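Contents: one structure, followed by commentary.
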Amino acid sequence: MPYNFFAENVFNPEITINSGQVFLWEKLDHTWYGTYGNHILKISQLPFEQFYSDTGNRDNVIAIRKYHFESFPEMHNWQNWVFRLDDDIPEIFSCLSSDPLLAKTMSRGYGLRIMRQEPCQCMVSFVCSSNTNIMMIRKMLRNLSKKFGRRLSVDGRDFFTFPSIKTLHEAEISELRSCGVGYRAKAIKAVAKSIVNHDLDISSLSNDSYYEAKNALLRIYGIGNKIADCILLFSLDKLEAFPIDVWIARALERHYKSVIETDFNNITLRPDSKLTPFQYVRISEIMREYFGRYSGYAQQYLYYYIREAEGLKW
DNA sequence: GTACAGGCAGTAT
DNA sequence: ATACTGCCTGTA
């Protein structure tokens, strides 16, 4: 099944699932299924309901798509948590729209959300993301779930929850590698170990500052700047994080060169869009200052924009 | 066969 | 601080 649900509207048009951040969602027969740690989430589309506008003008018919949310086991009102419905999108829009490119992109992709992921799943997911592509990441995570997760039957179909950290910690490197994760197996174990041993207190990280939490993550083998920023943004509520992958680096090179390459900053972007660790930290700082406390949303819109603009294969 | 894909760690300079 | 290297695995 082709993987093409990038930026598909889930609640037309208020909310969008973005495959760039959530790897274990799939759509089957107009229904979305997703993995949130130990839970399987389900979104079903209901038939369109038609309304006449309040003017009573019969030509002015509005079709509204409604959705039904379920979870296994039951998690009350999970959609509010997972889709961050408390984020004030109009406020975020007004904060970011002083930048012309973002104003344009946000208008077009209005509704793109940052989904809140289960932290342990998020850590493992992005550890798997290094030096590979989205298709491969999805495959790795599906294999891990199938081998180490819990089987759950939903709508007569088998789903697998995400493996617990304890299970991953106890797994042999060779077993992890059998899931196709390659050399990342060592890093997966390192993540699991740091949580099991309480070297990393995952539950406190969202209360810590961006820098404190990031430094804690960076101590773990296999987690560098980019992966740490993804974990912070997608599971630890650090909306000020600005992960820079090669795509974002390309977007910056095309559209934000003047913001970055100033005499004061003394930075020169390389043509191949690769950053040294020092450059990463510096440029990330510059952009976080430029976009402000919702830099993470800016990053998501830029990612959305550049992948669409540069031609992409999913 | 080779290049490449949403990085990272290790080493040398 | 930067440059260079190797790394699993599947696809083009």
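Here is how names work: the chains are called A, B, and so on, in the same order as the sequence lines, proteins then strands, and each is numbered from 1. Model, not experiment: these values are computed from the prediction.
Taking the six-membered ring for Trp, A:His255 and A:Tyr305 have ring centres closer than 6.0 Å.
Note that the CG atom of A:Leu239 and the CD atom of A:Gln300 stand 10.5 Å from one another [nearest 0.5 Å]. In this structure, the separation between OG1 on A:Thr35 and CD on A:Glu118 is 11.0 Å, given to the nearest 0.5 Å. A:Ser295 OG to A:Leu96 CG: the interatomic distance, rounded to the nearest 0.5 Å, is 7.5 Å.
Between the OH atom of A:Tyr303 and the C1' atom of B:dA5 there is a distance of 11 Å, given to the nearest Å. Taking atom CD1 on A:Ile306 and atom C1' on B:dG6, their separation rounds to 13 Å, with Å as the unit. Counting to the nearest Å, the C1' atom of B:dG7 and the CG atom of A:Asn225 are 10 Å from each other. Rounded to whole Å, the distance from CD1 on A:Ile134 to P on C:dG10 is 18 Å. Taking atom NZ of residue A:Lys226 and atom P of nucleotide B:dG7, one finds them 6 Å apart after rounding to whole Å. As a whole-Å value, the separation of A:Lys274 NZ from C:dC4 C1' is 13 Å. For the pair A:Ile244 CD1 and B:dG7 P, the computed distance is 12 Å after rounding to whole Å. Following rounding to the nearest Å, A:Arg138 (CZ) and C:dG10 (C1') show an atom-to-atom distance of 15 Å.
Side-chain polar atoms of A:Ser97 and A:Ser94 form no donor-acceptor pair below 3.5 angstrom. If you check the side chains of A:Asp87 and A:Tyr297, you find a donor sitting under 3.5 Å from an acceptor. Between the side chains of A:Tyr304 and A:Trp247, no donor-acceptor pair of N or O atoms lies under 3.5 Å.
Within residues 256-273 of chain A, the residues that place at least one heavy atom under 4.0 Å from DNA chain C are, in residue-number order, A:Arg270. DNA chain C is contacted by no residue of residues 281-299 of chain A, taking any non-hydrogen atom closer than 4.0 Å.
A salt bridge (Lys or Arg N to Asp or Glu O under 4.0 Å) check over residues 165-181 of chain A, counting only residues at least two apart or in different chains, returns the pairs A:Lys166-A:Glu170. Here salt bridge (Lys or Arg N to Asp or Glu O under 4.0 Å) pairs that include residues 185-214 of chain A, with residues two or more places apart or in two chains, are A:Lys214-A:Asp229. Here ring pair (Phe, Tyr, Trp, His ring centres under 6.0 Å) pairs that include residues 183-230 of chain A, with residues two or more places apart or in two chains, number zero. Applying the salt bridge (Lys or Arg N to Asp or Glu O under 4.0 Å) test to residues at least two apart or on different chains, the pairs with a partner in residues 103-112 of chain A are A:Arg108-A:Glu308. Identified under the side-chain hydrogen bond (donor to acceptor under 3.5 Å, both in side chains) test for residues 256-273 of chain A, with sequence neighbours left out: A:Asp99-A:Tyr256, A:Glu253-A:Ser273, A:Thr262-A:Asn265, A:Asn265-A:Arg282, A:Arg270-A:Asp272.
Neither A:Phe160 nor A:Val181 shares a network with the other; the hydrophobic side chains, linked directly or stepwise wherever heavy atoms of I, L, V, M, F, W or Y lie under 4.5 Å apart, form separate groups for each.
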*How would DNA chain B look in dot-bracket form, 5' to 3', counting Watson-Crick and G-U wobble pairs with both distances under 3.5 Å and writing | for bases paired to another strand?*
.||||.|||||||
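Remark: A:Tyr33 engages A:Phe159 in a ring pair (Phe, Tyr, Trp, His ring centres under 6.0 Å) (not counting sequence neighbours). In this structure, A:Ser130 has no side chain to side chain donor-acceptor pair (under 3.5 Å) partners at least two apart in sequence or on a different chain.
Between C:dG10 and B:dA9, the two P atoms lie 24 Å apart (nearest whole Å). Using P as the reference atom, C:dC4 and B:dG6 are 23 Å apart when rounded to the nearest Å.
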Protein and nucleotides 5-9 of chain C: nitrogen or oxygen contacts under 3.5 angstrom:
residue, atom, partner, partner atom, Å
C:dC8, O5', A:Arg177, NH2, 2.8
C:dC8, O4', A:Tyr183, N, 3.2
C:dC8, O3', A:Arg177, NH2, 3.4
C:dC8, O2, A:Arg184, NH1, 2.8
C:dC8, N3, A:Arg184, NH2, 3.4
C:dC8, N4, A:Asn131, ND2, 3.4

Report all interatomic pairs (protein N or O, nucleotide N or O of nucleotides 9-13 of chain B) with separations under 3.5 Å.
residue, atom, partner, partner atom, Å
B:dA9, OP1, A:Gly222, N, 3.1

*Between A:Phe242 and A:Tyr280, is a ring-ring contact (aromatic ring centres under 6.0 Å, His included) present by the stated rule, with each step listed?*
CA-CA 10 Å; A:Phe242 190 81; A:Tyr280 183 104; 8.9 Å; no
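Closest to the side chain of A:Lys139, out of C:dA1, B:dG6, C:dT11, is C:dT11.
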